[in-house]
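Reviewing the structure listed below.
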2 protein chains.
Amino acid sequence: MKLEILTKSENREIQNTIITKIRDLINFKNLEPGDKLPSERMLSEKFGVSRGNVREAIQTLEYYGILKTIPQSGTFVANIGVIAMNGMIEDILRLVDPDFKSLVETRILLELKTARLAALRRTNVDLQSMRNALDAYTAKVLNGEDAVQEDLLFHLAIAEASGNSTMIRLMLIITPGILTNFEKYHVCDVNQAFIGIQEHEDIYKAIESNDPKLAKEKMKVHFKMLYQYCYNIKD
Amino acid sequence: MKLEILTKSENREIQNTIITKIRDLINFKNLEPGDKLPSERMLSEKFGVSRGNVREAIQTLEYYGILKTIPQSGTFVANIGVIAMNGMIEDILRLVDPDFKSLVETRILLELKTARLAALRRTNVDLQSMRNALDAYTAKVLNGEDAVQEDLLFHLAIAEASGNSTMIRLMLIITPGILTNFEKYHVCDVNQAFIGIQEHEDIYKAIESNDPKLAKEKMKVHFKMLYQYCYNIKD
DNA sequence: GTATTAAAATTGGTTAACCAGATTGGTTGG
DNA sequence: CCAACCAATCTGGTTAACCAATTTTAATAC
């Protein structure tokens, strides 16, 4: 049998076809929540793909809460109806690699909220880790060095201080895409870094003094440049 | 050798220890962005765990953009510095299963925004799929049936109409947790469903007439109950 | 005929062996 | 002395065989 290395997108295409087939199977067989899917081996044979591929597709659907596998027992349709399932799978299949614009738009949305929440909920420990990140950032900028990492850490510290575990998780999820695109489009500018010091200080002070409105406002100012830049990128 | 089935949390604990060890290794060996990690086989031997566990940990770190593996070549430290890396890994290790409160808080945040964006960007196709979901929802409610699925589809259709692929992705990611907790806490109430029809109609009309402010406002009304309910849950 | 129990088949999970491409080091021909 | 080439080795990716727990089936005792 011929073996070949699959690119990410090729592999994804296979996953999507398998997901489609699993969906069709559930619909055709009228499987209801709680019903058992055929075993991985049967599916791999029926679909003409390796069992590994089937497992991967199942894991994806499990990630989005559509299937539920129980060890030594089977894979089951989760407790959401067929209608919701079909709708969600449709969206999952349509998922594309995120574009820069949507990433920035989402990041700004998230961070305006985390800044606000941080001002309401920050503990002294949160405040200290924000202070540390901020000091490290300032030191590097004043020394003329690149400080993207310290910048990132400051923003993550704010997310931590927001006390919202889901938002932290979402921030971490979108961070790789943000970093990649920052590099690609050379967003970071040395000039901006200097301005950034004051902007960061303003945000910090607002959060320190428990002023949610001001914190959000200062974060908005901080993102103004980025916002404009992002909306000037060609679609 | 004894084999045993690991629970999800046990497996996660192993992953976290391996991630920690990889982080320590990078720090101790002063690996810089672009440097190559030892091979999976060497790591599995050095850490005393199976190669599969090592691969899983590497995949996690790759998911968050910290490592980058190239087939038939090796695993490399991604192009983010050690400082950012340490900060991010710390957050990743701290990640916990999301609590209901943070999920709802985040969902409301996201949906207020998607409603607004949908009012600005919706195409006629978007409008039609929203209409379909809405009609299905109304029909079921009027028939006295449970309509949680149709409700979900309507909200997903709005997210689609927002034209922001990242927000769609994040919505899908938090949806399983939302559904699980809705069941657990019996959030959905038949009384609310009737009110929901009008609220959904209001949101739809606002998006149809390209009124972002109104769309956000109507979405806020729609979430008012949920918001209060969520803040009354014990921490 | 029914309940009980044991054995056989089926399940998802795991692992060790294997694959082809990439890398590396040394060798050879110019 | 250097460039080109080749074979040995190392890499992540893949697969087939294996494991234990479960479920089903069949046989047996009552």
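Note that the structure is predicted; figures quoted are calculated from it, not measured. Letters A, B, ... mirror the listed sequences (proteins, then strands); counts begin at 1.
- With hydrogens and angles left out, the side chain of A:Arg41 and the base of C:dG12 share a donor-acceptor pair within 3.5 Å.
- Counting only distance, with no hydrogens or angles, the side chain of A:Asn53 and the backbone of A:Val49 share no donor-acceptor pair below 3.5 Å.
- Here the P atom of nucleotide C:dA22 and the CD atom of B:Gln72 are 7 Å apart, to the nearest Å.
- Rounded to an integer number of Å, the gap from CZ of B:Arg51 to P of D:dT14 is 11 Å.
- Side chain of A:Thr175 to backbone of A:Met171: a donor-acceptor contact under 3.5 angstrom is found.
- Checked by atom type and distance alone, the side chain of B:Glu150 never pairs as donor or acceptor with a backbone atom of B:Tyr137 at under 3.5 Å.
- Between B:Arg55 and D:dG12 there is no side-chain polar atom (N or O) within less than 4.0 angstrom of OP1 or OP2.
- Taking atom CD on A:Glu45 and atom P on C:dT10, their separation rounds to 12 Å, with Å as the unit.
- Under 4.0 angstrom from either OP1 or OP2 of C:dT11 there lies no side-chain N or O belonging to A:Thr69.
- With rounding to whole Å, B:Leu61 atom CG is found 14 Å from D:dG12 atom P.
- A:Leu43 places its CG atom 15 Å from the P atom of C:dT10, with the value rounded to the nearest Å.
- Per the geometry, NZ belonging to A:Lys36 stands 8 Å off P belonging to D:dT23, to the nearest Å.
- Nucleic acid contact for B:Gly74: sugar-phosphate only, since backbone atoms but no base atoms lie under 4.0 Å from a heavy atom of the residue.
- Taking 4.0 angstrom as the limit, B:Ser73 places a side-chain polar atom (N or O) nearer than this to OP1 or OP2 of C:dT23.
- OP1 or OP2 of C:dT11 has at least one side-chain nitrogen or oxygen of A:Ser39 nearer than 4.0 Å.
- When the side-chain nitrogen and oxygen atoms of A:Thr75 are compared with OP1 and OP2 of C:dT11, none of them lie within a distance under 4.0 Å.
- Across every non-hydrogen atom of B:Ile92 and B:Arg12, the tightest pair is O-NH2, 4.1 Å.
- Per the geometry, CD belonging to A:Glu40 stands 15 Å off C1' belonging to D:dC19, to the nearest Å.
- By the 6.0 Å contact criterion, CD on B:Glu145 is enclosed, its count of non-hydrogen atoms from other residues, nucleotides or ligands being greater than 12.
- Atom-to-atom, CD1 of A:Ile70 to C1' of D:dA21 comes out at 13 Å; the value is rounded to the nearest Å.
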